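Reviewing the structure listed below.
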Amino acid sequence: MTLPLSSLPAGLWRASELAHCHRAGHTTGFAALDAELPGAGWPHGAVTELLCERPGIGEWRLLAPTLRDLTQAGKPVMVIAPPMLPYAPALAGWGIDLRWLSVVMRPASAVSGVSRGRRGAGERAGRGMKAEDRDMLWCAEQALKSACCGAVLTWLPAATPEQLRRLQVAAGGGETLTWVVRAPAAVSTASAAPLRLGLTVGEGSRLGVQFHKRRGPPRLDPLWLTLPAPYTRAPQPVTGTRDDAMPWHVRLDPTPPPVPSTSSTPSTASFVSASGVSHGLLDRPASAISGA
């Protein structure tokens with residue numbers, strides 16, 4: 001006896017078809033990606049993992065249409081533990097209403113101790129998460145439990161499967177969109193997230209989306225998306241005008257590096273604003289990152 005699809009209990013779906021969600025997802029802003037996701041968009045009340053090759057390959061531009069929709073609708077967005085401080089003028093240039101955006105940064109001591117952390121990574125693995133990692137996990141969990149956020153975007157590279165399950169439980173049944181950014185190596189570990197996407201850099205402003213896990217049929221080939229151009233600003237002539245009176249054409253990525261780099265490679269290029277603040281072009285075109 002073959003049951004019709006409409007009679008299947010909630011949580012079941014045919015492996016050859018995308019799962020039918022009780023509530024449609026929030027559109028990603030990319031029609032091709034919506035067509036590949038159950039619910040035709042980012043899922044509500046569920047964790048979505050974004051496995052990025054490196055910070056700044058396009059994850060901000062991928063999420064910018066959704067963040068714009070939420071903040072313009074007056075829904076708070078919580079950004080937790082980004083690897084670099086988001087650049088507010090670029091976010092505003094994408095149409096994101098900064099009044100509804102909150103950012104929780106890691107302690108300065110954690111950022112300054114990156115090199116020491118790399119040397120001791122093997123030793124810490126046996127001792128569990130660092131205190132700042134647990135703090136960031138706690139922030140994400142509380143933001144989800146509060147049910148007051150339209151979206152939570154967090155970077156948790158050291159999260160364990162048990163901790164991801166805690167986030168999934170906290171998000172489950174709610175309306176919040178939840179993204180957890182991790183490294184590609186995490187794909188080999190178990191995860192309670194119903195949606196896991198790998199992000200790879202392509203030529204120009206193209207971003208490859210690999211579907212590691214979704215409620216639907218497998219897709220082996222990546223989906224290539226053409227992202228909007230990253231925000232940069234036109235060079236301004238040096239004059240005696242005050243900084244706050246200068247005309248700005250703000251089009252820059254939202255993630256400046258905490259420490260100026262001494263490398264001259266394209267992947268570490270930086271820009272200095274009229275006020276003398278150095279900002280990194282992390283979310284720039286992929287060709288600049290890959291050297292193509």
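These numbers come from a predicted model, not from an experiment.
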**OP:** Measure the OG1-CG distance between T226 and L207 for me, rounded to the nearest 0.5 Å.
**Re:** 10.0 Å
Subject >> NZ/NE/NH1/NH2 to OD/OE distance under 4.0 Å, K145 and E141 >> reply: yes
Cluster question for you: counting only ILVMFWY and a side-chain heavy-atom cut-off of under 4.5 Å, with indirect links fine, are [X] and [Y] together?
X	Y	result
L62	V77	yes
L137	L153	no
I57	L227	yes
L156	W60	no
I96	M78	no

Heavy-atom donor-acceptor pair, [X] side chain to [Y] backbone, under 3.5 Å:
X	Y	answer
Q168	V47	yes
R68	D97	no
T176	L144	no
K213	S191	yes
D34	T28	yes

At their closest point, which heavy atom of [X] faces which heavy atom of [Y], and how far apart are they?
X	Y	value
F30	R61	CZ-O, 4.1 Å
T71	G95	OG1-O, 4.4 Å
P76	G74	CD-O, 3.8 Å
P107	E132	CD-CB, 3.9 Å
T27	T66	O-OG1, 3.4 Å
V187	L51	CB-CD1, 3.8 Å

pair [X]-[Y]: side-chain heavy atoms closer than 4.5 Å:
X	Y	result
E59	L199	yes
P82	M105	yes
L91	P86	yes
L223	L225	yes
V180	L50	no
T189	R182	yes
M136	V104	yes
F211	L37	yes

**OP:** Please step through side chain to side chain contact (heavy atoms under 4.5 Å, CB included) for the pair E53 and V201, ending with a clear verdict.
**Re:** CA-CA 8 Å; E53 291 179 342; V201 68; 3.5 Å; yes
Subject >> Verdict with supporting geometry, D133 and R106, salt bridge (charged side-chain N to carboxylate O under 4.0 Å, His left out) >> reply: CA-CA 8 Å; D133 290 329; R106 289 177 178 272; 2.6 Å; yes
Subject >> Stepwise side chain to side chain contact (heavy atoms under 4.5 Å, CB included) test for V181 and T154 >> reply: CA-CA 6 Å; V181 185; T154 181; over 6 Å; no
**OP:** Applying side chain to side chain contact (heavy atoms under 4.5 Å, CB included), run through W179 and V79 and close with a yes or a no.
**Re:** CA-CA 10 Å; W179 301 283; V79 179; over 6 Å; no
Original post:
Going by distance alone, is a donor N or O of one side chain under 3.5 Å from an acceptor N or O of the other, for T200 and Q210?
Top reply: no
Original post:
Heavy-atom count around W224 CH2 within 6.0 Å, excluding the residue itself: above 12?
Top reply: yes
Subject >> Residue pair E36, R214: steps toward the salt bridge (charged side-chain N to carboxylate O under 4.0 Å, His left out) verdict >> reply: CA-CA 9 Å; E36 296 289 341; R214 64 175 176 175; 2.9 Å; yes
**OP:** Given side chain to side chain contact (heavy atoms under 4.5 Å, CB included), test W42 with L33 step by step and report yes or no.
**Re:** CA-CA 10 Å; W42 300 118; L33 181 56; 4.2 Å; yes
Original post:
Which of these, L70, V152, T48, sits in a side-chain contact (heavy atoms from CB on, under 4.5 Å) with L177?
Top reply: L70
